[in-house]
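Single-structure report; data block below.
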Amino acid sequence: MAASRATASAGTVGRYLAAVRVDAEQPTVYLPPYGKRYPGAARRPLRWPGPGCVPFGDGCLDRLSSMLLGYAPRRAEMITLAGLSALTGAPLDTPTPSRLLPGWHTLRRSVPSGGAFHPNEIYLAWAGSPDLPAGVYHYDQPHHCLELLRPGSPAAWLDRLLGIAATPRHALLLTHRPWKNASKYGAFGYRLSIIDSGALLAQLLTSPVDATPRLDLDPALAGELLGLDAELEATYAAIEFPADADVPWAPLASGGPPSATGLDHDRLGHDAAHPSAVALHRATYDRDADAEPPSVDRLPADRVPADGSPAQRLPADRLPVGPAADRPLDLPPARPLDLVAAAARRASAANLGPGLTAGQVADILACAAGRAGSPALAALARQPLYPAIWCLARTVDGIAADAYRYQPHRHRLVPTGPPEAVDDAAAYPHRVDRRMVTRGATLYLVHAGSRPVDQLSAASFHRLHLLAGVALQLAGLAATATGAASRALGGLTADAVAARLGLPDGASPLTQLLIGRPAPRPGVLAAHLTEGNPHG
């Protein structure tokens with residue numbers, strides 16, 4: 001019976017991917033993203049220091065605030081010079097069209113998201129502290145405050161959800177709103193939103209807080225705690241971290257949270273969503289729909305055993321092939337990077353310039369592979385479904401233009417590009433790709449596992465793309481930390497990219513990150529909202 005359910009789940013993934021290939025057109029008009037609010041809840045503002053303000057301290061609430069700021073708006077962008085003139089009334093001699101973009105386009109966060117929809121919510125199960133009573137809270141990202149949903153200690157619930165703990169703990173619960181971007185991206189939006197979820201998970205784990213990620217949750221139990229309808233919002237991960245001290249204990253208040261607003265467009269998106277995307281969501285989050293755990297679909301890769309014995313090699317039929325596979329390129333040693341500071345400066349580039357160096361590429365690759373950053377991020381990179389990394393170098397000082405597979409345990413690149421390969425225009429259908437793709441290098445996150453993507457179980461498909469989002473965010477933060485600029489692009493033509501990279505049969509590119517030197521976009525201003533904050 002379990003085998004038949006797993007087979008049916010894999011068929012669900014195949015039907016979904018077939019729908020994505022057919023549903024390729026984006027609409028010209030779509031619904032804007034709406035934030036979720038609990039108007040009847042008590043609100044607690046969090047510290048948001050700016051220029052001249054007192055920096056964060058070492059208290060647990062301040063550390064939490066610095067973590068959550070990674071998902072709050074950090075910059076005001078996309079305001080043209082002519083738009084500024086219209087706001088201030090001051091004349092401006094410029095050919096820039098006089099227009100103002102919609103307000104929801106003007107706030108930018110440190111976490112990238114397809115279309116800036118940000119289809120995730122964050123909840124806090126707080127054990128209690130002198131500066132914040134115990135309870136379950138919702139994080140209102142645009143206003144950087146907490147909304148109290150249920151007062152009392154959540155310890156008993158966390159023991160049921162995460163296992164019994166010997167010491168007090170807090171936990172962030174991360175949820176996925178899969179239909180928030182459906183009106184723009186159609187069926188593809190579901191896949192894109194899972195990658196967005198992984199990017200948020202990685203961002204929160206860059207904090208110096210001693211945090212532990214938990215991916216194997218009972219979504220029904222988490223939904224019961226938070227009062228969620230899993231069809232519209234489902235819990236995909238938790239981050240637990242120690243409480244500083246025990247506080248007077250009171251049981252969690254009975255009853256659910258107050259009524260929420262901001263999900264009307266999600267309901268419309270769900271009603272119009274492709275049936276295959278809805279079926280995939282249900283197969284992932286229903287309690288009994290997917291009996292096969294994600295770990296069965298292992299990613300073959302070079303492993304360095306803990307006992308120091310020789311690394312296990314990939315099976316022969318999975319080794320990348322190419323004319324120069326016997327001439328690997330050893331990269332410069334990776335340098336330590338301050339990802340927390342980089343988060344405050346990270347932005348999706350609208351323009352790129354040539355001139356990357358091998359040192360920058362080496363740092364970015366090592367970080368994306370989990371070899372830099374917190375222990376929690378390194379633990380995620382050891383997950384069986386963590387994607388492999390390919391690099392397509394074009395104008396990088398010290399690296400010949402070619403396609404390479406990155407070997408993280410040896411920190412080197414192995415050429416895989418076919419002889420005399422050239423870029424296929426079909427691989428870059430978007431105008432942004434065509435404008436920026438040749439400026440530096442492109443990182444590709446690739447599934448090269450024991451099964452092709454369309455044969456994965458629903459749980460494995462979700463876990464794979466969640467971890468791809470983790471790697472994508474780490475690469476973007478590392479690019480910023482090295483002085484490079486980057487832009488994540490989820491849309492690609494997998495067959496054309498696979499041919500250009502020389503991927504083995506069955507391997508599939510998942511997403512990509514364009515990297516180059518920062519190049520200004522004429523006529524656009526950016527104001528950092530959290531300058532002076534040493535915690536990013």
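- Looking only at side-chain heavy atoms (C-beta outward), Arg371 and Pro408 come within less than 4.5 Å of each other.
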**Request:** Would you please test Tyr34 and Lys36 for side-chain hydrogen bond (donor to acceptor under 3.5 Å, both in side chains) and show each step?
**Result:** CA-CA 7 Å; Tyr34 272 62; Lys36 187 178 184 182; over 6 Å; no
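- Looking only at side-chain heavy atoms (C-beta outward), Tyr386 and Val470 come within less than 4.5 Å of each other.
- Panel note: side chain Arg214, backbone Leu162; a donor-acceptor pair is recorded below 3.5 Å.
- Between Leu501 and Trp390, the closest heavy-atom pair is O-NE1, 3.7 Å.
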**Chi angles and distances behind the side-chain hydrogen bond (donor to acceptor under 3.5 Å, both in side chains) call for Tyr139, His144** = CA-CA 7 Å; Tyr139 176 53; His144 193 51; 2.7 Å; yes
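- When atom types are taken as modelled, the side chain of Ser486 and the backbone of Gly516 share no donor-acceptor pair closer than 3.5 angstrom.
- For Ala116 against Pro33, the heavy-atom pair with the smallest separation is O-CG, 3.9 Å.
- Residues His462 and Tyr285 place their aromatic rings such that the two centres sit under 6.0 Å apart.
- Looking at Gln141, its side chain never comes within 3.5 Å of a backbone N or O of Ala72 through a donor-acceptor pair.
- Looking only at distances, no side-chain donor or acceptor of Thr493 sits under 3.5 Å from a matching main-chain atom of Ala496.
- Between the side chain of Thr482 and the backbone N or O of Ala479 there is at least one donor-acceptor pair closer than 3.5 Å.
- Panel note: side chain Lys180, backbone Phe117; a donor-acceptor pair is recorded below 3.5 Å.
- Using a 4.0 Å cut-off between charged side-chain N and carboxylate O, Arg463 and Asp216 make a salt bridge.
- In this structure, the side chains of Leu173 and Leu225 come closer than 4.5 Å at one or more pairs of heavy atoms.
- Between the side chain of Ser183 and the main chain of Leu31, a donor-acceptor pair closer than 3.5 Å is present.
- Between the side chain of Ser153 and the backbone N or O of Ala155, at least one donor-acceptor pair lies under 3.5 Å.
- Taking the six-membered ring for Trp and the full ring otherwise, the centers of Tyr71 and His118 sit less than 6.0 Å from each other.
- Using a 4.5 Å heavy-atom threshold, the side chains of Leu477 and Gln203 count as touching.
- With a 4.5 Å cut-off on side-chain heavy atoms, Arg47 and Leu61 do not count as touching.
- Distance check, rounded to the nearest 0.5 Å: CD of Glu121 to CG of Leu200 gives 10.0 Å.
- When every heavy atom of Pro387 is checked against every heavy atom of Leu510, the shortest pair comes out as CB-CD1, 4.3 Å.
- When atom types are taken as modelled, the side chain of Ser460 and the backbone of Leu456 share no donor-acceptor pair closer than 3.5 angstrom.
- The two atoms that bring Leu513 and Leu472 nearest to each other are CB-CD1, 3.9 Å, heavy atoms only.
- Counting heavy atoms from C-beta on, the side chains of Leu172 and Tyr137 never come closer than 4.5 Å.
- Using a 4.0 Å cut-off between a side-chain N of Lys or Arg and a carboxylate O of Asp or Glu, Arg177 and Glu233 do not qualify as a salt bridge.
- In Asp210, the CG atom is not crowded: 12 or fewer heavy atoms of neighbouring residues, nucleotides or ligands sit closer than 6.0 Å.
- Residues His176 and Ser193 come closest through the heavy atom pair NE2-OG, 2.8 Å.
- Proximity of Val136 to Leu226: side-chain heavy atoms (C-beta onward) are separated by under 4.5 Å at one or more points.
- The CG atom of Leu46 lies 8.0 Å from the CG atom of Leu69; values are rounded to the nearest 0.5 Å.
- No side-chain heavy atom of Leu146 sits under 4.5 Å from any side-chain heavy atom of Trp126.
- Shortest non-hydrogen contact noted between Ser276 and His274 is OG-ND1, 2.8 Å.
- The line from CG of Asn120 to OG of Ser113 is 7.5 Å long, rounded to the nearest 0.5 Å.
- Within the model, atoms CG of Leu443 and CG of Leu365 stand 5.0 Å from one another, a figure rounded to the nearest 0.5 Å.
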**Message:** Pair Ser197, His465 - check side-chain hydrogen bond (donor to acceptor under 3.5 Å, both in side chains), show working.
**Reply:** CA-CA 9 Å; Ser197 299; His465 287 82; over 6 Å; no
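- Among residue pairs with one or both ends in residues 203-243, those qualifying as ring pair (Phe, Tyr, Trp, His ring centres under 6.0 Å) are His170-Phe241; sequence neighbours excluded.
- Applying side chain to side chain donor-acceptor pair (under 3.5 Å) to His270 and the options Glu231, His265, His281 leaves one that passes, Glu231.
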